[in-house]
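Everything on this sheet refers to the single structure shown next.
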Amino acid sequence: MVATGRSTSPAISTASTVSAAVPFPRRPLDPSDQVRRWYENELGWATVPGIPLRLPLGLRFDVLDVPAEAGRSALRHLAPGSPVAVQGDRMRLLVAAGSGEELPGLLDWLEWGTLALDLTAIGEGGLMDAPVPPGRCSATGARPPWTGTAALRGAAVWLRPPEPGCEVEASLPTLSALGGGGDAPDLVRLVNTVATHCHRLRLRRACAQPSALS
């Protein structure tokens with residue numbers, strides 16, 4: 001009995017030591033964590049805690065939220081590296097930080113201020129759903145639309161993704177580009193083009209509605 005107890009004690013001790021020395025298997029990264037790391041580590045953009053992943057606006061850029069049909073007409077006014085996102089039937093054009101405050105005055109100056117146009121500038125204090133990085137899976141594990149699979153209904157995607165290692169501010173439309181000789185796109189031309197097409201969409205929808213007297 002005594003000998004048996006002495007023979008089993010070292011075995012138990014050795015097993016415990018080996019067990020303690022072997023690390024537990026790592027849990028795979030959650031897809032949303034991978035997306036967050038891409039934004040924070042590769043782009044240097046801040047993110048907001050929680051799911052769905054969102055980006056705070058007003059820090060490095062604001063967003064001009066417009067109908068996708070109107071937004072497509074304005075893409076020619078953007079620099080090649082100027083990021084553009086799409087979510088549903090809405091397009092998010094990234095513009096210089098502070099542009100959200102300038103939009104009402106700019107629309108008045110362009111003589112669009114008296115019309116109800118379907119465009120909004122979102123700046124400081126606002127949030128934007130973080131589009132899935134190119135070639136990545138969404139937080140649900142589904143493949144993004146640019147891989148050729150079915151589109152993710154309601155998911156934000158990059159039409160023109162940002163480039164890691166590049167300062168996004170240099171490519172964004174800004175009011176200070178008006179009359180300047182820099183490479184930054186002109187916010188005035190962008191807003192005027194978008195406003196024009198928003199107005200055309202408004203007129204088209206009004207004409208498509210049946211008359212109340214008919």
Side-chain angles (χ1 to χ4, degrees), residues 34-48 53-107 109-110 112 117-136 144-146 155-198:
Q34 297 179 23
V35 173
R36 189 181 301 277
R37 290 189 178 190
W38 186 79
Y39 278 102
E40 294 182 350
N41 298 342
E42 297 189 34
L43 295 182
W45 293 7
T47 62
V48 176
L53 184 63
R54 291 188 172 94
L55 308 174
L57 303 177
L59 300 178
R60 302 189 64 171
F61 53 84
D62 289 357
V63 162
L64 190 62
D65 185 289
V66 302
E69 185 175 347
R72 282 193 294 269
S73 65
L75 295 180
R76 68 181 185 275
H77 294 306
L78 301 178
S82 187
V84 178
V86 177
Q87 187 167 17
D89 61 352
R90 307 295 296 181
M91 183 176 289
R92 277 72 186 268
L93 306 167
L94 271 62
V95 294
S99 299
E101 299 177 1
E102 302 286 352
L103 183 63
L106 182 54
L107 288 173
W109 185 70
L110 292 169
W112 290 111
L117 300 175
D118 187 14
L119 71 151
T120 306
I122 308 171
E124 185 176 3
L127 298 175
M128 168 185 170
D129 285 359
V132 181
R136 305 292 181 95
W146 51 79
V157 298
W158 284 116
L159 179 62
R160 293 185 179 183
E163 300 179 11
C166 297
E167 292 294 330
V168 69
E169 290 85 352
S171 69
L172 300 181
T174 174
L175 195 60
S176 62
L178 179 63
D183 297 328
D186 182 4
L187 181 65
V188 175
R189 290 197 181 107
L190 176 68
V191 169
N192 191 46
T193 300
V194 171
T196 299
H197 284 80
C198 283

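Note that this is a predicted model, so its numbers are computed, not measured.
When the side chain to side chain donor-acceptor pair (under 3.5 Å) test is applied to Asp65, the partners found at least two apart in sequence or on another chain are Arg90, Arg92. Not counting sequence neighbours, Glu163 has no partner by the salt bridge (charged side-chain N to carboxylate O under 4.0 Å, His left out) test. Here Arg189 pairs with Asp186 under the salt bridge (charged side-chain N to carboxylate O under 4.0 Å, His left out) rule; sequence neighbours left out. Remark: Glu124 pairs with no residue by the salt bridge (charged side-chain N to carboxylate O under 4.0 Å, His left out) rule, at least two apart or across chains.
Pairing each heavy atom of Leu187 with each of Leu175, the nearest pair is CB-N, 3.7 Å. Taking all atoms of both residues into account, the shortest heavy-atom contact from Ala85 to Pro131 is CB-CG, 3.8 Å. Taking each heavy atom of Leu117 and Ala195 in turn, the nearest pair found is CD1-CB, 3.8 Å. Ser99 and Ala96 get closest at one heavy-atom pair: OG-O, 2.6 Å.
Counting only heavy atoms from C-beta outward, the side chains of Leu75 and Val84 approach each other to under 4.5 Å. Side-chain contact check for Leu190 versus Leu93: some heavy-atom pair is nearer than 4.5 Å. Between Pro133 and Pro161 there is no side-chain heavy-atom pair separated by less than 4.5 Å. Between Trp158 and Pro83, the closest side-chain pair of non-hydrogen atoms falls below 4.5 Å. The closest side-chain heavy-atom distance from Trp112 to Thr196 is below 4.5 Å. Counting heavy atoms from C-beta outward, Pro67 and Val194 have side chains that stay 4.5 Å or more apart. Counting only heavy atoms from C-beta outward, the side chains of Thr174 and Val95 never approach each other to under 4.5 Å. Between Leu103 and Leu64, the closest side-chain pair of non-hydrogen atoms falls below 4.5 Å.
Among pairs with a residue in residues 53-85, those fulfilling ring-ring contact (aromatic ring centres under 6.0 Å, His included) read Trp45-Phe61, at least two apart in sequence or across chains. Pairs passing the salt bridge (charged side-chain N to carboxylate O under 4.0 Å, His left out) check and including a residue from residues 68-82, sequence neighbours excluded, read Glu69-Arg204.
Not a single donor-acceptor pair under 3.5 Å links the side chain of Ser82 to the backbone N or O of Leu172. With hydrogens and angles ignored, the 3.5 Å screen pairs no side-chain donor or acceptor of Arg54 with any backbone N or O of Gly126.
Ionic pairing of Glu167 and Arg60 is present here: one or more N-O contacts between side-chain nitrogen and carboxylate oxygen are shorter than 4.0 angstrom.
Rounded to the nearest 0.5 Å, atoms CE (Met91) and CZ (Arg160) are 9.0 Å apart. Atom CG of Leu127 sits about 11.0 Å away from atom OG1 of Thr47, to the nearest 0.5 Å. Rounded to the nearest 0.5 Å, atoms CG (Leu55) and CG (Leu57) are 7.5 Å apart. Atom CG of Leu119 sits about 13.0 Å away from atom NE2 of His197, to the nearest 0.5 Å.
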| request: Apply the test side chain to side chain contact (heavy atoms under 4.5 Å, CB included) to residues Asp129 and Leu53: give CA-CA distance (whole Å), side-chain angles for both, the deciding distance (0.1 Å), then the verdict. | output: CA-CA 6 Å; Asp129 285 359; Leu53 184 63; over 6 Å; no
